[in-house]
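Remember, it's 1-based here, ligands and their atoms both numbered in the order they're listed. Keep in mind that what you see is a predicted model, and the values were worked out from it rather than measured.
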Amino acid sequence: MTDKKLSGAGLRGQSAGETALCTVGKSGSGLTYCGYDVADLAEKATFEEVAYLLFNGELPTLDQLETYKAQLHTLRDIPQSLKEVLQHIPADTHPMDVMRTGCSFLGNIEPEADFSTQHQAANRLLAAFPAIMCYWYRYSHDGVEIDCTTDEASLAGHFLKLLRGTAPSEQHRRVMDVSLILYAEHEFNASTFTARVCASTLSDMFSCVTGAIGTLRGPLHGGANEAAMDMIQTFTSPADAKIQMAGMLERKEKIMGFGHAIYRTSDPRNVIIKKWSEKLAQEHGDTALYDISVACEEFMWDNKKLFCNADFFHASAYHFMGIPTKLFTPIFVCSRLTGWAAHVMEQRSNNRIIRPSADYVGAEPRVVTPISER
Ligand SMILES: CC(=O)SCCNC(=O)CCNC(=O)[C@H](O)C(C)(C)COP(=O)(O)OP(=O)(O)OC[C@H]1O[C@@H](n2cnc3c(N)ncnc32)[C@H](O)[C@@H]1OP(=O)(O)O
Ligand SMILES: O=C([O-])CC(=O)C(=O)O
């Protein structure tokens with residue numbers, strides 16, 4: 001891996017503010033939410049507990065969790081006017097653009113009245129995002145107008161049932177829940193920083209989240225899980241994967257799902273989703289794609305000392321669950337909404353407009369030549 005200066009481009013290595021929500025790579029490779037290790041949360045908690053933690057600073061008691069889940073349950077359906085907007089979005093639209101529009105339109109019809117209702121706005125988006133994604137997907141791809149309510153207890157199960165129309169298996173519910181936990185929060189990543197910059201102007205929650213969705217869309221950020229899937233599907237075997245990847249590195253192409261701006265040796269989310277991907281491959285009865293993914297991981301470490309980030313094994317895990325590739329990054333949105341909204345609330349609690357300076361490298365002062373003389 002090329003040595004890069006940590007300062008300079010991309011604000012790398014510079015602190016851009018304080019947060020009590022998350023640490024990334026603090027002990028070399030760790031990830032914590034409000035002091036809890038993400039591996040601990042992924043093993044012992046549910047996504048709703050993590051959402052509650054990020055929005056309130058503490059894990060809920062059983063009573064608090066039941067009340068919170070019941071509240072989210074009432075917020076899952078989407079208004080008819082939003083359904084009509086979604087019906088107008090063509091099937092070949094990128095689903096991240098659908099999420100962006102869905103979020104923005106919800107902000108038109110249910111605006112955040114003032115900051116005292118910020119929890120309500122965040123919970124509304126959290127509960128409604130699966131319906132926005134699945135209503136559009138099923139309508140535009142299958143011509144079906146789905147019922148946006150389900151009897152699924154968790155948002156993970158709710159999403160899978162909306163997508164498929166049938167109840168998911170316990171294993172699929174659990175993997176989706178773990179995935180939502182892993183993607184929930186990640187300090188000052190690009191999309192969260194976008195949300196905070198927007199919040200710092202005292203803008204509304206829906207604008208902050210809409211901007212964050214646009215930032216997550218790019219392949220260097222959340223879009224990498226889809227790009228990784230597209231790549232591994234072109235490999236015919238582990239040996240072929242290594243040959244193709246050598247060619248990509250030779251051509252100086254970026255390999256999606258590898259590397260990280262902060263972690264240096266590993267992404268702690270990878271080992272967790274990789275384990276689930278392996279289990280799903282066995283359940284699926286076809287481990288070829290998993291074996292190819294492992295070969296990619298070995299090749300990149302051996303040749304570039306680059307490791308899988310959270311996105312790489314999410315690709316095969318989601319694929320084994322039958323999730324269409326184009327919905328991978330929108331699922332990330334359903335999860336990261338919790339981190340974005342928590343950061344918006346944190347920014348508002350101690351706000352100063354975010355406005356850094358730039359080092360000017362342009363032309364020296366000069367006078368305007370009249371257009372007739374240029
Ligand atoms: C959930 C998430 O958002 S995780 C990130 C998802 N994104 C991806 O997987 C996209 C692929 N990865 C990348 O593009 C990068 O690793 C990023 C964007 C994640 C981080 O970028 P940076 O902080 O600039 O990476 P870093 O400073 O470690 O890069 C060092 C060198 O390794 C190279 N490198 C880093 N990642 C990769 C990669 N995936 N494939 C090939 N080369 C890479 C860089 O090109 C750089 O070399 P250069 O000086 O010749 O440009
Ligand atoms: O932190 C980053 O730069 C990207 C990332 O892994 C995330 O947002 O989950």
Open item on the list: One residue to check: Ala310. Relative to ligand 1, which of side chain, backbone, both or neither has a non-hydrogen atom less than 4.0 Å away?
Closed with: neither

- [ ] Please work out whether the ring planes of His284 and Phe320 are parallel, tilted or perpendicular, with thresholds of 30° and 60°.
- [x] tilted

Task: Minimum non-hydrogen distance to atom 3 (O) of ligand 1, winning option of Glu253, Lys252, His221, Arg12 - done: His221

TODO: Please work out whether any backbone atom (N, CA, C, O) or any side-chain heavy atom from C-beta onward of Asp311 is under 4.0 Å from ligand 1, and answer side chain, backbone, both or neither.
DONE: side chain

- [ ] Over 60° means perpendicular and under 30° means parallel, so classify the ring planes of His141 and Tyr137, tilted if in between.
- [x] parallel

Open item on the list: Within the structure, is a non-hydrogen atom of Phe332 found at a distance of less than 4.0 Å from ligand 1?
Closed with: yes

Open item on the list: Taking side chain to side chain donor-acceptor pair (under 3.5 Å) as the cut-off, I'd like each qualifying pair that reaches into residues 364-374, sequence neighbours left out, listed once.
Closed with: none

Task: Between Thr46 and Glu49: side-chain donor-acceptor atoms closer than 3.5 Å - done: yes

Open item on the list: Using the rule side chain to side chain donor-acceptor pair (under 3.5 Å), only one of Asp151, Thr149, Thr150 pairs with Lys161; which is it?
Closed with: Asp151

Task: Short N or O distance, Tyr183 and ligand 1, threshold 3.5 Å exclusive - done: no

Task: Side chain, backbone, both or neither: Leu220 near ligand 1, heavy atoms under 4.0 Å - done: both

Task: Option with minimal heavy-atom separation from atom 44 (C) of ligand 1, where the choices are Met300, Lys254, Arg264, Lys304 - done: Lys254

Return a table of N or O atom pairs, ligand 2 on one side and protein on the other, at distances under 3.5 Å, rounded to 0.1 Å.
{"unit_1": "ligand 2", "atom_1": "1 (O)", "unit_2": "His186", "atom_2": "ND1", "d": "2.7"}
{"unit_1": "ligand 2", "atom_1": "6 (O)", "unit_2": "His186", "atom_2": "ND1", "d": "3.3"}
{"unit_1": "ligand 2", "atom_1": "6 (O)", "unit_2": "His260", "atom_2": "NE2", "d": "2.7"}
{"unit_1": "ligand 2", "atom_1": "6 (O)", "unit_2": "Arg269", "atom_2": "NH2", "d": "2.7"}
{"unit_1": "ligand 2", "atom_1": "8 (O)", "unit_2": "Arg336", "atom_2": "NH1", "d": "2.8"}
{"unit_1": "ligand 2", "atom_1": "9 (O)", "unit_2": "Arg269", "atom_2": "NH1", "d": "2.7"}
{"unit_1": "ligand 2", "atom_1": "9 (O)", "unit_2": "Arg336", "atom_2": "NH2", "d": "2.7"}

Open item on the list: Residue-level breakdown please: for Leu306 versus ligand 1, do any non-hydrogen atoms fall below 4.0 Å on the side chain, on the backbone, on both, or on neither?
Closed with: side chain

